[in-house]
Student: 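Below you will find the structure I want to go over with you.
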2 protein chains.
Amino acid sequence: MKAIGVFDSGLGGLTVVRELIRQLPYEDIVYFGDTARVPYGTKSRETIIRFSTEDILFLLKHDVKLICVACNTASSVALSAVKGHFKVPIVGVIAPGAKEAISATQNKRIGVLGTRSTVKSRAYDTQIKKLDPGAQVTAVACPLFVPFVEEDWLSGKVILEVARAYLKPLKDAKVDTVILGCTHYPLLKPVIKKVLGERVVLIDSARQVAGEVRKILAKGGQLNKKRASRRRFYVSDNPEGFSKLARRFLGKSAQNVMKVNNV
Amino acid sequence: MKAIGVFDSGLGGLTVVRELIRQLPYEDIVYFGDTARVPYGTKSRETIIRFSTEDILFLLKHDVKLICVACNTASSVALSAVKGHFKVPIVGVIAPGAKEAISATQNKRIGVLGTRSTVKSRAYDTQIKKLDPGAQVTAVACPLFVPFVEEDWLSGKVILEVARAYLKPLKDAKVDTVILGCTHYPLLKPVIKKVLGERVVLIDSARQVAGEVRKILAKGGQLNKKRASRRRFYVSDNPEGFSKLARRFLGKSAQNVMKVNNV
């Protein structure tokens with residue numbers, strides 16, 4: 001039976017893999033993390049589309065039955081441009097995240113945190129307005145959040161001040177729900193709650209994305225029936241670093257990490 | 001007459017171009033900034049060597065007479081590995097920076113700030129010890145400095161706290177001279193001085209590197225005699241962003257910025 005393909009600019013997409021494993025324990029998974037060219041969120045639309053296309057072509061070489069774009073930047077910027085080119089179903093993280101936010105909000109004021117490219121694309125705004133034209137969206141780019149997470153600098157007054165600066169527009173807009181529109185951000189949940197208050201609902205789309213994948217595979221009769229599964233991880237740089245950091249995102253260590261030049 | 005080639009992972013290398021223009025106003029310059037794959041400082045040795053080799057091959061297509069590696073990470077990690085392969089002289093930023101630090105220090109205690117890869121390579125330590133085995137080197141990786149500079153977040157209490165955390169080992173070691181081992185760091189001079197004191201000498205190697213280039217070209221009889229010069233800038237992503245930010249590093253705007261896929 002064919003595997004599910006997942007790609008991300010780095011290792012943040014492992015949060016989606018974690019949820020796929022939880023909801024679909026019998027599926028084979030092939031993961032690609034483009035660690036040689038990370039980050040995507042600061043690059044241009046044209047380049048993000050090129051990189052995403054190359055990532056998809058790499059996964060297709062592994063004969064996958066569905067591709068999950070576990071990167072908010074690639075989902076926001078490239079998905080609509082490339083989706084139509086391929087036969088294989090391609091699932092992004094934007095629509096599931098928007099859906100969950102709509103069902104969670106009480107006051108219809110939703111905040112979105114993302115990379116510069118994700119916010120510029122207005123992908124979340126568009127998707128949310130499609131589901132509920134009355135919703136009010138406040139989107140903010142937080143370019144320093146990813147470096148802070150990668151430095152493991154997750155608490156203390158410095159990151160708190162950075163979060164205060166970024167989150168002020170969300171506070172002013174009185175949002176009750178915030179989409180964590182980057183796979184790194186869930187690690188900053190405590191500091192975000194400290195700034196916005198304990199009652200704010202923080203949405204990370206991994207759970208919803210895995211549900212969407214399950215639905216599509218079930219509909220196509222493509223769910224795996226066998227009781228053993230195989231997970232393979234490919235990166236374009238630094239497999240050792242990936243293995244070491246994987247635990248933080250995956251909840252367990254990643255075995256079988258292989259380095260490839262995908263281009 | 002042939003041009004001088006300069007490359008960097010992004011646009012920081014323009015500080016070297018600025019100094020080349022000042023010291024060698026009649027030379028043609030071809031610059032390549034690998035903005036599609038920036039940053040290099042978080043990538044592995046193997047990948048930095050691959051990228052640097054590709055950057056050199058790109059410049060060689062423009063028939064340059066000398067190549068200047070205006071990136072501390074590439075100079076630290078890749079220069080010794082690739083230098084021997086090419087006929088063209090290749091000048092890095094490490095040796096000139098080390099030389100200037102040795103002549104500036106009074107107490108022989110030198111600090112080095114750099115990316116994770118630069119510090120891990122120990123290139124500055126090796127070079128300094130070669131010039132003066134009695135010198136004491138304290139090297140610290142400052143991975144958040146580049147994102148802060150790129151965000152233009154150059155003052156205020158947040159960056160001051162980040163600098164305090166990074167610079168503590170240098171303060172403890174009582175260094176009187178600090179090598180700014182990354183082309184982005186000169187923009188943080190005010191905050192670094194605030195933490196380490198006004199009397200610390202901050203070395204950025206651009207001036208010394210341009211001097212080295214001049215010396216090599218003069219020796220080979222390759223200095224340009226004509227009174228007009230041409231500068232061309234190539235980037236692998238986002239030429240508009242490059243033009244806009246170039247002023248900060250180059251001291252004036254960059255004309256003729258062209259996008260290329262160097263690989």
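Owing to the predicted nature of the structure, the values given are computational and were not obtained by experimental measurement. Here is the naming used below: chain letters follow the sequence lines, and residue numbers restart at 1 for every chain.
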Student: Heavy-atom pairs under 4.5 Å with chain B: which of N238(A), V162(A), T47(A), I48(A) has the most?
Tutor: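 Counting heavy-atom pairs under 4.5 Å, the top option is T47(A).
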
Student: Enumerate by number any residue of residues 144-153 of chain B whose heavy atoms lie under 4.5 Å from heavy atoms of chain A; in the absence of such residues, state 'none'.
Tutor: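 Listed by number, the contacting residues are L144(B), P147(B), F148(B), E151(B), W153(B).
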
Student: Taking K43(A) for its side chain and D237(B) for its backbone only, find out whether a donor-acceptor pair lies under 3.5 Å.
Tutor: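 Here the side-chain-to-backbone pair does not exist.
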
Student: For R230(A), enumerate each residue passing the side chain to side chain contact (heavy atoms under 4.5 Å, CB included) test, keeping only those at least two apart in sequence or located in another chain.
Tutor: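 Scan of R230(A) (side chain to side chain contact (heavy atoms under 4.5 Å, CB included), adjacent residues dropped) gives D28(A), R232(A).
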
Student: Would you sort out whether E54(B) and R37(B) count as a salt bridge (charged side-chain N to carboxylate O under 4.0 Å, His left out), showing the intermediate values?
Tutor: CA-CA 12 Å; E54(B) 288 164 356; R37(B) 305 191 292 194; 2.8 Å; yes

Student: How close do I110(B) and V175(B) get, heavy atom to heavy atom, and via which atoms?
Tutor: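 Looking at all heavy atoms of both residues, the shortest contact is C-CG1, 3.7 Å.
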
Student: What I want to check is whether the side chains of D34(B) and S9(B) have a donor and an acceptor closer together than 3.5 Å.
Tutor: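 No - no donor-acceptor pair under 3.5 Å links their side chains.
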
Student: If you count heavy-atom pairs within less than 4.5 Å of chain B, which of I159(A), V38(A), T35(A) leads?
Tutor: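 Winner by heavy-atom pair count: V38(A).
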
Student: Heavy-atom cut-off 4.5 Å, strictly under: side chain, backbone, both or neither for R116(B) against chain A?
Tutor: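 The side chain, not the backbone.
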
Student: Checking ring pair (Phe, Tyr, Trp, His ring centres under 6.0 Å) between F32(A) and each of F51(A), F58(A), F242(A), which is the one that passes?
Tutor: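 With F32(A) as partner, ring pair (Phe, Tyr, Trp, His ring centres under 6.0 Å) holds for just one option, F58(A).
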
Student: Classify the ring geometry between H184(B) and F249(B) as parallel (under 30°), tilted (30 to 60°) or perpendicular (over 60°).
Tutor: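 Plane angle over 60°, so perpendicular.
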
